[in-house]
Each structure stands twice: as structure tokens, then as C-alpha cells.
**Student:** 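Below you will find the structure I want to go over with you.
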2 protein chains.
Amino acid sequence: MTQNQPPTIDDVAKVAGVSTATISRAINDPDKVAKATRDRINAAIDELGYTPHFGARAMASSRFKTVGAVIPTMANAMFASGMQAFQEALSEAGVTMLVATTGYDPEAELRQIRALMTQGASGLMLIGTERPEATRRFLNLRNVPHVLTWAAGPADEGVFAGFDNRRAAKSMAEHVLAMGHRKIAMIAGISAGNDRVAERIAGVRAAIEACDGAELVALAESPYLLQNAGDAFDEVWAAKPTAIIGGSDVLGAGAVVRARARGVSVPGDVSVTGFDDIGLSLVSAPALTTLRVPQIEMGRAAAEILLAQLAGGTPKSAIFETEIVERASLAPPRS
Amino acid sequence: MTQNQPPTIDDVAKVAGVSTATISRAINDPDKVAKATRDRINAAIDELGYTPHFGARAMASSRFKTVGAVIPTMANAMFASGMQAFQEALSEAGVTMLVATTGYDPEAELRQIRALMTQGASGLMLIGTERPEATRRFLNLRNVPHVLTWAAGPADEGVFAGFDNRRAAKSMAEHVLAMGHRKIAMIAGISAGNDRVAERIAGVRAAIEACDGAELVALAESPYLLQNAGDAFDEVWAAKPTAIIGGSDVLGAGAVVRARARGVSVPGDVSVTGFDDIGLSLVSAPALTTLRVPQIEMGRAAAEILLAQLAGGTPKSAIFETEIVERASLAPPRS
DNA sequence: CTGCAATATGCAAGCGCTTTCTACGGGGGA
DNA sequence: TCCCCCGTAGAAAGCGCTTGCATATTGCAG
């Protein structure tokens with residue numbers, strides 16, 4: 001069974017006995033075609049399994065929109081639900097989404113952006129604010145509508161659908177300090193080329209510096225994997241913190257698991273917090289005190305903003321508040 | 001700042017002072033263009049921020065490939081890593097991936113397939129084997145290369161990159177029975193329109209029926225959400241099972257969390273198992289005994305198969321073995 | 001019946017790119 | 001010195017579709 005050439009509009013025209021123009025109209029603007037003709041055309045389309053060719057359409061007209069999203073990885077629950085919401089909102093508007101991933105490599109982003117634009121993406125959803133000069137230049141040169149998510153920043157850096165990572169992390173650190181902890185450790189993601197991580201670290205630092213007697217006794221950077229987070233736990237545990245702030249739920253949960261394995265009680269011997277509020281934080285035992293990131297709302301907002309931009313508008317950033325979700329992994333230090 | 005028209009190959013040609021044909025060659029087959037000319041062209045491309053228009057390329061040539069993946073949802077770690085692997089393997093081959101989701105609605109699948117094909121997808125990755133007649137007809141009529149994943153089946157149903165859900169579930173049930181359990185409950189996903197779930201249920205049923213004295217005392221179907229899994233736990237717990245087989249890790253972990261909340265000890269009062277082996281199963285306390293599904297391998301295999309099909313070959317299915325991962329949530333019943 | 005406005009359909013010109021065929025030089029072998 | 005061939009670049013024909021404009025039809029008022 002070889003792959004037969006996909007049927008073209010000409011084939012349909014031949015079968016239906018009308019011109020290609022009529023087929024096109026029957027598809028795009030059915031009212032302009034008489035019912036009888038339309039029925040004949042639809043029958044022909046069904047018979048042939050005809051599907052209009054995107055490239056040709058995109059070329060002949062400019063109303064067929066596609067937008068692209070470039071994210072670090074899909075294998076991270078944190079982005080997954082936001083992307084899901086983004087895609088749902090887009091498809092309600094009849095817009096298709098293209099996804100590409102960078103694997104947290106900032107250099108890869110520009111390549112992927114180009115690839116997506118080549119594919120016809122007329123708008124982009126990007127994560128975070130920091131990017132190489134070459135990427136900014138390209139975006140600027142081509143003046144591509146794009147929305148930045150999972151972060152927030154001044155209006156001159158672009159339009160955001162996100163939240164302030166520094167402020168969020170600061171609030172979490174303040175919460176930990178308010179519990180009475182003074183010797184704090186942090187397990188963050190890899191900060192190189194990741195502004196969200198850098199901001200979170202900065203937020204935690206700021207809170208600790210503002211608090212008399214508090215000290216960041218250890219800071220480890222770890223990939224977003226349970227295993228690595230466990231190793232990072234071992235590393236920071238050596239500094240005897242009374243609380244460990246995790247830069248994500250994966251990191252917090254990984255620390256809890258390793259603590260359990262080491263016979264270290266949470267929150268008895270050490271408190272642990274997470275960040276993101278994904279399912280993992282609930283399953284963890286003890287359940288992780290974490291910071292809820294409004295992923296779904298962010299995804300939807302990003303879609304709405306992008307759609308508005310494509311429609312020629314200049315929508316404002318949507319900055320979301322985060323909130324601390326108190327669960328069992330954080331308690332006052334043993335006195 | 002309005003969006004200026006994207007530069008076309010003509011613009012580049014004008015700037016570089018050569019014909020469009022030369023530009024095209026410089027991009028697609030650089031060796032055919034003299035170095036000096038090529039440099040001039042590249043400079044012009046950079047200056048203008050030129051990106052070839054996909055539609056036009058796809059139309060003028062047929063070597064620009066895109067493949068589509070239709071999955072139930074991205075917000076499920078189970079698919080996420082497989083998709084990530086799929087996409088990575090594709091992009092190594094220079095093929096772009098388009099993603100669409102159905103939200104577990106079988107009717108939505110055909111719509112998404114059409115949308116993807118319209119977008120230029122020349123191959124598809126689909127989940128599972130069961131689909132409405134209309135979808136099969138379309139696939140058949142258009143003779144679209146496609147690979148089925150997360151499942152396995154006879155060769156006449158298509159080419160698979162997956163595993164046998166029934167056999168896997170059966171092996172898990174047999175493992176539970178071998179531990180001495182006789183009153184078994186199952187928390188499965190929603191079986192309507194989801195062959196993977198139906199197969200897993202069938203596998204569990206088969207194992208139990210083959211075992212004297214064993215009984216499936218309760219079967220609940222639940223969406224893949226922790227909260228719902230908890231409710232399902234309450235439901236099946238009423239039937240006093242000594243072991244609960246979860247149809248996925250989310251389901252198993254949700255059951256464990258709820259059991260903890262109810263003061264039911266796992267595995268003391270009841271054993272619980274998972275399925276998939278995603279991070280969740282490790283974080284759960286006790287860690288979930290589960291069944292490892294080779295998601296990453298499956299994703300890569302799916303990509304390789306699809307690529308081979310697009311290249312005109314007729315690759316064979318890749319069926320993977322699953323393996324039970326013993327952890328702490330399964331123990332012999334209290335005697 | 002005729003004439004005219006609608007309404008329904010066809011014609012053909014592109015959209016931006018690739019690719020075949022052709023043209024032009026210039027270098028090396030005879 | 002002349003030719004031929006190779007390397008390089010241009011001209012032009014589509015790829016499958018949309019759409020403005022032209023051309024039938026049809027229906028209805030007069």
C-alpha cells in the first residue's frame with residue numbers, strides 16, 4: 001500500500017463538477033454557495049478524504065494563524081498544565097499551536113523560534129525574560145508578536161502573562177523566617193540561563209538579608225529531577241539548616257524523599273518547602289508547604305494576550321499573584 | 001510599532017544583488033553557491049531577519065516534513081516524557097512536531113487529525129488502538145503514515161510503538177496475588193473510549209479469574225486526578241479489599257494519600273500498586289510498587305518508526321516489555 | 001414576456017518558494 | 001589558439017489555494 005498523493009482541490013473540483021473557486025468558497029464561506037452545489041462538494045470531499053493544504057492556504061491568504069510555544073521541556077509538570085491551558089484557549093479560537101523545546105539551552109531558543117516561524121507561526125509564547133542578544137534582536141527585527149510567561153518584568157521588556165518570581169520566592173522565605181527559622185538552605189534549579197531560578201534565589205537572599213540573625217547556610221543548584229534533588233539534599237544537609245527552601249516542588253519532594261531515606265525527620269529535624277504546587281507536593285509525605293503558581297490562568301492569559309496581539313491590539317501584561325499553600329512540611333524549628 | 005511584512009526571498013535577493021534562485025540554493029544546498037556570493041547572501045539574510053516561509057517551501061517542494069501527535073492531554077506526566085522523547089528524536093532528524101490534544105474525547109481526535117494534516121503534517125503519532133469508524137476510514141482513505149503508541153495490537157491494526165496493556169496489568173495482578181492477596185479492588189481510569197484502560201481492567205480480571213479463591217471485590221473508574229482517586233479509594237475501601245490495584249501512578253498515589261488521611265495504613269491495612277512509574281510513585285509514602293512503562297524508549301521508537309514510514313519504508317512494530325518495580329506499598333496481607 | 005437586480009459560478013492572477021533548464025564565463029587540454 | 005567542460009547564476013514554470021472581477025443564471029417586478 002503506497003501513499004497516494006493527497007487529493008488536491010482540483011481533484012475535488014473534477015469529482016464535484018465545479019470550479020476550484022467554488023470549492024474554496026464552499027469551504028471558507030459556505031453561504032456563498034448554493035445548497036445543492038455545496039452538498040455535491042461535501043460529498044466529493046468526503047469521498048476523497050480531501051484536506052486543504054495548509055501551505056497553499058497560508059500563502060494565498062493570510063488569515064490562517066498558527067502560534068508557537070517554546071518551552072524548556074515538556075517533561076515537567078510545571079509547564080505541562082500551563083501549556084495544556086494555552087493550547088485549549090488557542091484551539092477555541094481556531095488557532096493551532098506548535099511546540100518546540102530547548103532543553104534549558106538558551107542558544108537553542110533562537111533556533112527553535114526560527115523553526116517555528118518558518119512553520120508559519122505568526123506569534124510566539126516564550127518562557128522567562130532573559131535571552132541572548134541575538135534572540136532579542138531577531139524578535140525585534142521581525143517584530144514578532146510574543147508573550148512572555150512564567151515571569152514578570154517591566155513593560156519595556158515585553159508583554160507578560162506571569163508572576164514575579166523574586167517576590168514569590170521572597171514571600172516564601174519570609175514565611176519560613178516568620179516560623180522562626182534562621183539557618184536556611186536552598187535547593188534551586190540551575191540558574192545559568194534561567195532567569196526564573198536566578199530571581200527565586202535573589203528573592204530568598206533578599207528576605208534573609210533583611211532578617212536579623214538569619215543566614216543562608218547553603219545553596220545548591222540541581223536539575224529538576226528527584227534523584228538530583230536528593231543529592232542536593234545531602235549537600236545542603238551538611239550545613240545543618242533548620243529549613244530547606246526548594247526552588248520547585250520536584251526539588252522539595254526529592255529532598256523529602258532523601259531525608260526520609262537518611263532517617264531525617266521532616267519537619268521535625270528540618271522543614272522543607274516547595275514551589276509550583278503541582279500534584280507531587282500533595283503526594284509527598286509530609287505534604288509539601290509550597291507556593292501556588294497559577295499555571296492554568298497563566299496559560300489562558302498568555303493565549304488571550306497573544307490572540308489580541310495577532311488581532312492588532314496592544315494588550316497589557318497580566319501579572320498574577322502567588323499564594324503560599326500551608327501543608328505539613330514546614331513547622332517551627334525544634335527549639 | 002506595527003508588524004512590518006516579513007521579508008521575502010525577493011527582498012533578500014534585492015539586497016544581496018542576486019536572483020532568488022541563488023538565495024534558495026544558498027539556503028538548501030550551500031555547496032552549489034560560490035563562497036563570496038554565499039557570504040553576501042548570509043549577510044543580507046541576517047540584516048533582514050529573513051526566515052523562509054514554510055507554506056511556500058512545503059508547496060514548492062515536498063521535502064519539508066512535519067509530523068503531528070494527537071494525545072489526550074499534556075497535563076499528564078505519563079505522556080509528557082514520552083512526548084518529549086518523541087519530539088527530541090524528531091528534531092534530530094529536522095522534523096517539526098505539531099501537538100494537539102483531545103481531552104480524552106474520541107470524537108475530538110478526528111478533528112485534530114484533520115487540523116494537523118491541514119497544517120502540513122505528513123505523519124501522525126496516535127495513542128491507543130480504539131477509535132471511531134470515521135477516524136479509521138479517514139486514516140485509511142488518506143493512507144496517512146501513522147504510528148500507534150501506549151498500546152500494542154495485531155499487525156493488521158497498524159504499526160505500534162508500545163506495550164501490551166493487558167499483559168502488563170495481568171502481570172501486576174499476578175504479582176499481587178502471589179503475595180497472597182485474594183480480595184482485590186481496582187481503581188482504573190475512565191474506560192469509555194480508552195482502550196488502554198479497558199485492557200488494563202481486562203488484564204486484572206483475567207489474572208483474578210485464573211486464581212482460585214481470588215475475587216475482584218470492587219472496581220472504580222476515576223479521572224486521572226489525585227482528588228478523584230481519593231474519592232475512588234473511599235468507594236472501593238468499603239468493599240474491604242486487602243489490595244488495591246491502581247490503573248496509574250496518579251490513581252495509586254491518590255489512593256495512598258486518601259488512605260493516610262483516613263488513618264488506613266499502607267501496606268499494613270491495605271496494599272496499593274501503581275502503573276507507569278512516574279516520579280509520583282517515588283515520592284509517595286510508602287513508595288508505590290508500580291509497573292515501569294518505557295515511556296522514553298516508546299517515544300523514541302515512535303519517532304523512528306514514523307520517520308522510516310515517511311522515508312517510504314514499512315517498519316515493524318516495536319513492542320516493549322514492562323517490568324514490575326517493587327517498592328514499599330505492596331506487602332502480604334495481614335494474616 | 002421583457003429587463004434588471006441578485007445570486008451563483010468560473011477565470012485567472014498571484015502568494016513565496018524550489019527546481020529544471022539555460023546561459024555565461026573562464027580555465028585547461030589538445 | 002581554439003573548444004569543451006565545469007562551476008556559477010539567472011529565467012521561468014509550477015506547487016495548491018484564495019479572491020477580485022467577469023460572466024452566466026435565476027427570479028421577479030413591470
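Quick caveat, the model's predicted, so the values are computed rather than measured.
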**Student:** How long is the line joining CG of D11(A) and C1' of dG16(D), in whole Å?
**Tutor:** 10 Å
**Student:** For the pair made of CG in D10(A) and P in dC17(D), what is the distance, rounded to whole Å?
**Tutor:**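 Spelled out: CG on D10(A) to P on dC17(D) is 7 Å.
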**Student:** Let me know the distance between CG of N28(B) and P of dT19(C), rounded to the nearest Å.
**Tutor:**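 N28(B) atom CG is separated from dT19(C) atom P by 7 Å.
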**Student:** Roughly how many Å is it from NZ in K14(A) to C1' in dG10(C), rounded to a whole number?
**Tutor:**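 Going from K14(A) (NZ) to dG10(C) (C1'), I get 16 Å.
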**Student:** Specify the residue among T37(A) and R25(B) whose closest nucleotide of DNA chain C lies further upstream toward the 5′ end.
**Tutor:** T37(A)
**Student:** Give a yes or no on whether the ring-centroid distance for F79(A) and W150(A) is below 6.0 angstrom.
**Tutor:** yes
**Student:** Is it true that R131(A) and E107(A) have a side-chain N and a carboxylate O under 4.0 angstrom from each other?
**Tutor:** no
**Student:** Kindly say if T8(B) contacts the phosphate of dG16(C), meaning a side-chain N or O under 4.0 Å from OP1 or OP2.
**Tutor:**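 It does not, given that no N or O in the side chain of T8(B) lies less than 4.0 Å from OP1 or OP2 of dG16(C).
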**Student:** Do the charged groups of D10(B) and K14(B) touch, with an N to O distance under 4.0 Å?
**Tutor:** no
**Student:** In whole angstrom, give the distance that lies between atom CE of M59(A) and atom P of dT19(D).
**Tutor:** 13 Å
**Student:** Contact class for A34(A) vs. all strands (heavy atom < 4.0 Å): base, sugar-phosphate, or nothing?
**Tutor:** sugar-phosphate
**Student:** Would you indicate which nucleotide in dT18(D), dC17(C), dG10(C) comes nearest to any side-chain atom of P52(B)?
**Tutor:** dC17(C)
**Student:** For the pair made of CD1 in I41(A) and P in dC17(D), what is the distance, rounded to whole Å?
**Tutor:** 13 Å
**Student:** What integer distance in Å separates H53(B):NE2 from dC15(D):C1'?
**Tutor:**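 Spelled out: NE2 on H53(B) to C1' on dC15(D) is 13 Å.
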**Student:** Report the distance from atom CD1 of I9(B) to atom C1' of dG16(C), rounded to the nearest whole Å.
**Tutor:**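 Rounded to whole Å, this separation is 8 Å.
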**Student:** Please determine if a side-chain N or O atom of S24(B) lies less than 4.0 Å away from the OP1 or OP2 oxygen of dT18(C).
**Tutor:**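 Yes, because at least one side-chain N or O of S24(B) sits under 4.0 Å from OP1 or OP2 of dT18(C).
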**Student:** Is T22(A) near enough to dA8(C) that one of its side-chain N or O atoms lies under 4.0 angstrom from OP1 or OP2?
**Tutor:**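 Checking T22(A) against dA8(C): no side-chain N or O falls below 4.0 Å of OP1 or OP2.
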**Student:** Can a donor-acceptor pair be found between the side chains of Q295(B) and S81(B) at a distance below 3.5 Å?
**Tutor:**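 Short answer, yes.
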**Student:** Please check this pair: side chain of R142(A) against backbone of G49(B), looking for a donor-acceptor N/O pair closer than 3.5 Å.
**Tutor:**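 Present.
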